[in-house]
Amino acid sequence: MSSNLRPIQPISRSVWDSKRIKHRLDRQIWANAEEIDCVAAPEPVALAEGVCPARIHADFNRMLRGHAPAFPETAPALANLKAELDRLGFVADSHSRYVASEEMNICGEIDAQGLIDGHRPALVELKVVRWLPQIVRSADACQLMLYELSRSGRLDRSTLIALYVQPSGGFRATTRIVFSPEKLEPLVRELAA
């Protein structure tokens, strides 16, 4: 495998700089969510300070491997994240989270992968945010789609889940699913090109 593969995360973050693609993605994501009545109610914004996002990510990974958290201050956030994943019936597996595609010249590491209700493959991307978005954010949708394209070569296989948590206050957490990713695929491929 080539060592010159481009990392997925910066590619997906470039959505914020690509106003044309971001606008088209946002419009399509919103339309898909409205179609099936999955636009969430607005949530309060959390304080800027709080638990370090890197600590939440690290302890989230420990939790999925069945280990205790290294940072006690992450416990409320982890409890809410676990409740969200349990609500979906998600169980993480221990397979390698690294994915790569020579065809698209990209690689990355998924925050979590596993099964929903014991049979449906799912990919989870954790994001620590001050506000919980009403629909999946465009950059997060791109990241999840690029992981799935790298992993399986197609988009109809897995449920793509953005798992959001606030770093302070009640550590509110929620899941947002990428609906109809095949409609977004041309834009995501254009971004990654």
Side-chain angles (χ1 to χ4, degrees), residues 7-16 29 33 38-100 107-118 120-148 150-151 158-179:
I8 288 171
Q9 196 169 23
I11 294 170
S12 61
R13 274 199 313 258
S14 72
V15 162
W16 307 119
I29 291 168
C38 281
V39 176
E43 296 269 4
V45 176
L47 298 174
E49 65 273 356
V51 176
C52 170
R55 289 184 173 197
I56 293 175
H57 271 88
D59 278 349
F60 177 73
N61 287 325
R62 287 183 187 93
M63 177 185 80
L64 293 177
R65 292 193 316 264
H67 302 306
F71 308 104
E73 66 271 24
T74 66
L78 293 180
N80 290 346
L81 292 169
K82 184 173 181 342
E84 275 297 304
L85 292 177
D86 288 349
R87 184 180 64 77
L88 287 175
F90 176 82
V91 176
D93 63 31
S94 58
H95 295 109
S96 170
R97 294 179 293 133
Y98 177 79
V99 293
C107 65
E109 190 168 22
I110 305 163
D111 280 338
Q113 64 180 343
L115 298 175
I116 293 175
D117 295 331
R120 177 81 176 147
L123 304 183
V124 176
E125 179 61 24
L126 174 63
K127 297 294 181 186
V128 181
V129 293
R130 287 189 61 213
W131 56 276
L132 300 178
Q134 292 178 278
I135 56 173
V136 64
R137 300 184 307 180
S138 53
D140 307 334
C142 285
Q143 190 170 354
L144 284 158
M145 291 171 66
L146 290 172
Y147 286 146
E148 178 67 347
S150 295
R151 190 175 80 133
S158 299
T159 301
L160 307 177
I161 302 164
L163 179 59
Y164 296 104
V165 66
Q166 292 178 314
S168 61
F171 297 93
R172 285 182 295 270
T174 192
T175 50
R176 300 285 181 253
I177 295 173
V178 182
F179 296 108

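Values in this document were obtained by computation on a predicted structure and should not be read as measured data. Atom set for the values below is all heavy atoms of this structure, side chains included, hydrogens, waters and symmetry mates excluded.
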Point-to-point distance, once rounded to the nearest 0.5 Å, from CG of Leu163 to CZ of Arg176: 10.5 Å

Qualifying residues under side chain to side chain contact (heavy atoms under 4.5 Å, CB included), relative to Pro10, sequence neighbours excluded: Pro7, Arg13

CD1-CG distance between Ile161 and Asp140, expressed to the nearest 0.5 angstrom: 13.0 Å

For the student: nearest non-hydrogen atoms of Val165 and Ala77, plus distance: CG2-CB, 4.1 Å

Test side chain to side chain contact (heavy atoms under 4.5 Å, CB included) applied to Val51 and Phe71, step by step: CA-CA 10 Å; Val51 176; Phe71 308 104; over 6 Å; no

Exercise: identify the closest heavy-atom pair between Gly50 and Ser168: CA-CB, 3.9 Å

Results of side-chain hydrogen bond (donor to acceptor under 3.5 Å, both in side chains) for Glu125 - residues two or more places apart only: Lys127, Gln143

By side chain to side chain contact (heavy atoms under 4.5 Å, CB included) - contacts of Val91 (at least two apart): none

Closest heavy-atom pair and its distance - Pro69, Thr74: CB-OG1, 3.8 Å

Salt bridge (charged side-chain N to carboxylate O under 4.0 Å, His left out) involving Arg62 - partner list, sequence neighbours excluded: Asp59

Nearest-0.5 Å distance that lies between atom CD1 in Ile177 and atom CD1 in Ile116: 6.0 Å

Donor-acceptor under 3.5 Å (Tyr147 side chain, Glu109 main chain): yes

Spacing of Ile56 atom CD1 and Gln166 atom CD [to the nearest 0.5 Å]: 10.5 Å

Cys142 side, atom SG; Leu160 side, atom CG - distance, nearest 0.5 Å: 11.5 Å

Exercise: identify the closest heavy-atom pair between Ala33 and Val39: CB-CG2, 3.9 Å

From CG (Leu78) to CG (Leu64), nearest 0.5 Å: 9.0 Å

N/O donor-acceptor pair under 3.5 Å between Arg97 side chain and Asp111 backbone: yes

Heavy-atom pair of closest approach, residues Phe60 and Leu81: CD1-CD1, 3.9 Å

Nearest heavy-atom neighbours spanning Arg137 and Tyr164: N-OH, 3.1 Å

Polar side chain donor-acceptor pair, Thr174 to Arg172, under 3.5 angstrom: no

Sequence-distant partners of Asp86, salt bridge (charged side-chain N to carboxylate O under 4.0 Å, His left out), two or more places apart: Lys82

Check against side chain to side chain contact (heavy atoms under 4.5 Å, CB included), Ser158 and Arg151: CA-CA 10 Å; Ser158 299; Arg151 190 175 80 133; 2.7 Å; yes

All salt bridge (charged side-chain N to carboxylate O under 4.0 Å, His left out) counterparts of Arg65, not counting sequence neighbours: none

Note, Arg87 side chain near Thr175 side chain (heavy atom, < 4.5 Å): yes

Check: Gln113 side chain, Ser96 main-chain N or O, donor-acceptor pair, under 3.5 Å: yes

